[in-house]
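Report on one structure; see the data block that follows.
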Amino acid sequence: MSLEFRHKSVLLDECITGLNIKPDGIYVDGTLGGAGHSSEIAKRLDPSLGGRLIGIDQDEAAIETAKERLKPYADRVSIVRSNYCNFREVLDELGIDKVDGILLDLGVSSYQLDTAERGFSYMEDAPLDMRMDDRNPISAYNVVNEYSEMELFRLIRDYGEDKFAKNIAKHICMERAKAPIKTTLQLSEIVKESIPMKIRKNGGHPAKRTFQAIRIEVNHELDVLESTLDSMIDSLECGGRITIITFHSLEDRIVKVNFKRNENPCTCPSDFPVCVCGNKSKGRVITRKPILPSEEELEENSRSKSAKLRIFEHV
Ligand SMILES: C[S@@+](CC[C@H](N)C(=O)[O-])C[C@H]1O[C@@H](n2cnc3c(N)ncnc32)[C@H](O)[C@@H]1O
């Protein structure tokens, strides 16, 4: 089995149920990956009734894998290599106005993590890269070697939520003054050296948070999510749903706050007798609390550990 197909889709049944798929509906998977979720969506669609799936991913390898996997459903699937932030342009080009459901399964795939030369993993040596889209000019090498100490500190603190961010940034700058930092294991070692011995022994892998922070920066993961959610909700048909799986608290907070604001956008002071701001609700949050993986899934798939699913329905 090729690396690509080792990716186990997270919260698969929960997403499919949450999307409420209609055979004649139009669906968007903005993070196609190995098409695990998408193949389940596609098999529930009837192209003779107009059922369609638009799969988007920015990673060329994911697109190739998904094309293969979705071959049996070629009569109802369109695959586009792009960032999901361009989903509106993608839909316009296909002549689609509104859709019945949108899925985002954020973050990296097991394929990306397991392919050492992509530079996502702190466990294997490879050039510092971490780009999901290799057409982008900025890679992890540029971030690590060219950002100022203050910029590194801020991103490791904010995106990695690492309390040793200051020390890590300082160590990175000290090391790169001697020679550029070129590989994942070099970086991993520098991070390890920046963390007190006691923590190194007891915590998880010391480089995990720094790698997450740099990956988020390289791929603009939070900016893209935050700036696209409103237009995704606006593109839903009445009764259409958006389902989003997040893998860390920063992403989850963005989704939670956005859904809440779209449910209740009123900005009037709470003691106003009637609403005067004119902001109208766009729908309702289906998941008051996020849906988490079952015990069984957690046992089977360690990648599902931090997953949270939230669903919003447009009215
Ligand atoms: C967790 S995997 C998706 C796995 C997929 N749901 C499955 O079941 O096989 C995330 C995928 O989303 C892609 N991705 C992440 N952010 C993206 C973005 N902003 N635009 C397009 N693709 C993105 C990654 O390249 C990766 O292939």
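Because the structure is predicted, anything quoted here is derived from the model rather than measured. Numbering of ligands and ligand atoms starts at 1, following listing order. Counting from 1, the numbers follow the sequence of the chain as shown.
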Tell me the contacting part of [X] for ligand 1: side chain, backbone, both, or neither, using a 4.0 Å heavy-atom threshold, strictly below.
X: D29; value: neither
X: S38; value: neither
X: Q112; value: side chain
X: L32; value: backbone
X: Q58; value: both
X: E40; value: neither
X: V108; value: backbone
X: D105; value: both
X: S82; value: backbone

Is there a side-chain contact between R310 and K256 (heavy atoms, below 4.5 Å)? yes

Within the 4.5 Å heavy-atom criterion, are T243 and T287 side-chain neighbours or not? no

To which protein heavy atom is [atom] closest, and what is the distance rounded to 0.1 Å?
atom: atom 19 (N) of ligand 1; result: N83 OD1, 2.9 Å
atom: atom 15 (C) of ligand 1; result: M132 SD, 3.3 Å
atom: atom 27 (O) of ligand 1; result: D57 OD2, 2.7 Å
atom: atom 12 (O) of ligand 1; result: T31 CB, 3.2 Å
atom: atom 8 (O) of ligand 1; result: S9 OG, 2.5 Å

Any N or O of [X] closer than 3.5 Å to N or O of ligand 1:
X: D59; value: no
X: G36; value: yes
X: Y84; value: yes
X: G34; value: yes

For the residue pair F211 and Y122, does the interplanar ring angle fall in the parallel (under 30°), tilted (30 to 60°) or perpendicular (over 60°) class? perpendicular

Side-chain donor-acceptor contact under 3.5 Å, D252 with S249: no

Between S109, G33, G107, which one has a non-hydrogen atom sitting closest to atom 10 (C) of ligand 1? G107

Main-chain N/O of D24 paired to D46 side chain as donor or acceptor, under 3.5 Å: no

Think R209 forms a cation-pi with F164, using NZ or CZ under 6.0 Å from the six-ring centre and within 45 degrees of its axis? no

